[in-house]
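In this text, all values refer to a predicted model and were calculated from it rather than measured experimentally. Numbers here simply count residues along the sequence, with the first being 1.
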Amino acid sequence: MRCFKQPKPFQSFILLLWPLTYLAIFWILQPLFIYLLFTSLWPLPALYFAWLFLDWKTPEQGGRRSTWVRNWYVWTQIRDYFPISILKTKDLSPEHNYLMGVHPHGLLTFGAFCNFCTEATGFSKIFPGITPHLATLSWFFKIPLIRDYLMAKGVCSVSQPAIDYLLSHGPGNLVGIVVGGVGEALQSVPNTTTLILQKRKGFVRTALQHGAHLVPTYTFGETEVYNQVLFHEDSWMYKFQNHFRHLFGFYCCVFYGRGFCRGSVGLLPYSLPITTVVGEPLPVPKIEKPSQEVVDKYHTLYMAALHKLFEQHKTQLGISKTQKLLFL
């Protein structure tokens, strides 16, 4: 039986409003910009689009983070709603670059967002000298205004050029990749600890090419904050979800949580603790063209480190002692 705390009404309002900011930018601000092109204020959108053209490659060249945006008061309200926290097991030396595996994906990746894209949980104080970048779908950075909003929070493109740029500069850069990707979102249901990782080895190869240390993380509670409706593989809805993924790069998941009133159903996540445990970095050599054997070796070491991290912290963070971490 899951025990939910009752968040403050303002925190619930913020959680409901936060995802809508993306829709507002896409459906309101962008059409407004286009409309202004046909008014006497046309120089404003014209200047922005000219600047956008000149700034097009910035997401693949380190982005443009804003300390001010990362410290917005709204992020602390999102943190306190659940609450969200980060747990350090080892220091990360600012003399190295790091490639961090983020597990599990969950539905909206609340833990990784709050811990690595904002200062709500004090990342810069916990890991001094380390600059975090959370990678997301590349096509987000082709959307005017949304790209600027994402870059301001330290989000980067998951494209190979963007990751290569960050890992070849520094030191002190940490790039987080949600290794399971959108496919893992369909595994996101309460009381499951299944990761899509067995065949995901590209991030290990990239780490070897740059000599970036691998950092395993596991966010306990990420899959508990929403219930998801799962569809049979032969159903039309499942086929629609796959078609939607091919078009847009992510799944159209059907999920639900709590409403504003106690005991009601709605789109708010359940207010359950979310804790991201950052594991000990796994040193890797720099090999420009690593063989498949070397990639397999360090991928196996990474899975073992992640499994150990999960086992060491699962009982204290709300998971049954008998629950196992499964790799697909």
Could you label the plane-to-plane angle of the W75 and W72 rings as parallel, tilted or perpendicular, counting under 30° as parallel and over 60° as perpendicular? parallel

* Is it true that D234 and K239 have a side-chain N and a carboxylate O under 4.0 angstrom from each other? -> no

query = So do F310 and V277 actually touch side chain to side chain, heavy atoms under 4.5 Å?
reply = no

Are I177 and L99 packed together at the side-chain level, in the sense that at least one heavy-atom pair is separated by less than 4.5 angstrom?
yes

Let me confirm one number: the [atom1]-[atom2] distance from [X] to [Y], rounded to the nearest 0.5 Å.
X    : Y    : atom1 : atom2 : answer
T118 : N71  : OG1   : CG    : 8.0 Å
R79  : I274 : CZ    : CD1   : 13.5 Å
N173 : L167 : CG    : CG    : 7.5 Å

If only atom types and distance count, is the side chain of [X] paired as donor or acceptor with the main-chain N or O of [Y] below 3.5 Å?
X    : Y    : result
T219 : E222 : no
Y48  : L145 : yes
T217 : G101 : yes
N97  : A212 : no
R70  : R65  : no

When the ring centroid of [X] is compared with that of [Y], is the distance short of 6.0 Å?
X    : Y    : value
W56  : F141 : no
H103 : Y218 : no
Y35  : F33  : no
F110 : F82  : yes

- Task: Assess whether side chain to side chain contact (heavy atoms under 4.5 Å, CB included) is satisfied between C156 and M151, documenting all intermediate values.
- Result: CA-CA 6 Å; C156 70; M151 285 194 291; over 6 Å; no

Criterion side chain to side chain contact (heavy atoms under 4.5 Å, CB included) on Y302 and L197, from CA distance to verdict: CA-CA 10 Å; Y302 176 84; L197 181 60; 4.3 Å; yes

Connected to L54, directly or through other members, by ILVMFWY side-chain contacts below 4.5 Å are F53

Checking [Y] against [X]: is there a side-chain donor and acceptor pair closer than 3.5 Å?
X    : Y    : answer
T193 : Q323 : yes
S157 : S138 : yes
T192 : Q187 : no
E119 : S124 : yes

What do you reckon, is [atom1] of [X] surrounded by more than 12 foreign heavy atoms closer than 6.0 Å?
X    : atom1 : answer
L267 : CG    : no
K201 : NZ    : yes
W51  : CH2   : yes

side-chain contact (heavy atoms from CB on, under 4.5 Å) test vs K88 passes for just one of I86, D91, L92, namely D91

Please report the C-alpha distance between Q160 and T206 in whole Å, then the side-chain angles of each, then the deciding distance to 0.1 Å, and finally whether the side chain to side chain donor-acceptor pair (under 3.5 Å) criterion is met. CA-CA 9 Å; Q160 194 65 48; T206 298; 3.2 Å; yes

Heavy-atom closest pair (H213 atom, P281 atom, distance to 0.1 Å) is CB-CB, 4.2 Å

For residues 281-293, the side chain to side chain donor-acceptor pair (under 3.5 Å) pairs (sequence neighbours left out) are R205-Q292, Q292-D296

**Prompt:** Is it true that the NZ or CZ of K314 lies under 6.0 Å from the centre of F220's six-membered ring and within 45 degrees of the ring axis?
**Reply:** no

**Item:** Working for side chain to side chain contact (heavy atoms under 4.5 Å, CB included), residues S12 and Y81
**Value:** CA-CA 7 Å; S12 297; Y81 175 94; 3.7 Å; yes

Is there a path of hydrophobic side-chain contacts, each under 4.5 Å between heavy atoms of I/L/V/M/F/W/Y residues, joining Y298 to I163?
yes

Next item on the list: Any chance you could lay out the side chain to side chain contact (heavy atoms under 4.5 Å, CB included) test for L309 and E280, step after step, and finish with the verdict?
Entry: CA-CA 9 Å; L309 184 74; E280 181 178 0; over 6 Å; no

query: Are Y73 and Q77 close enough, and set up right, to give a side chain to side chain donor-acceptor pair (under 3.5 Å), and what steps lead you there?
result: CA-CA 7 Å; Y73 174 72; Q77 295 303 302; 2.9 Å; yes

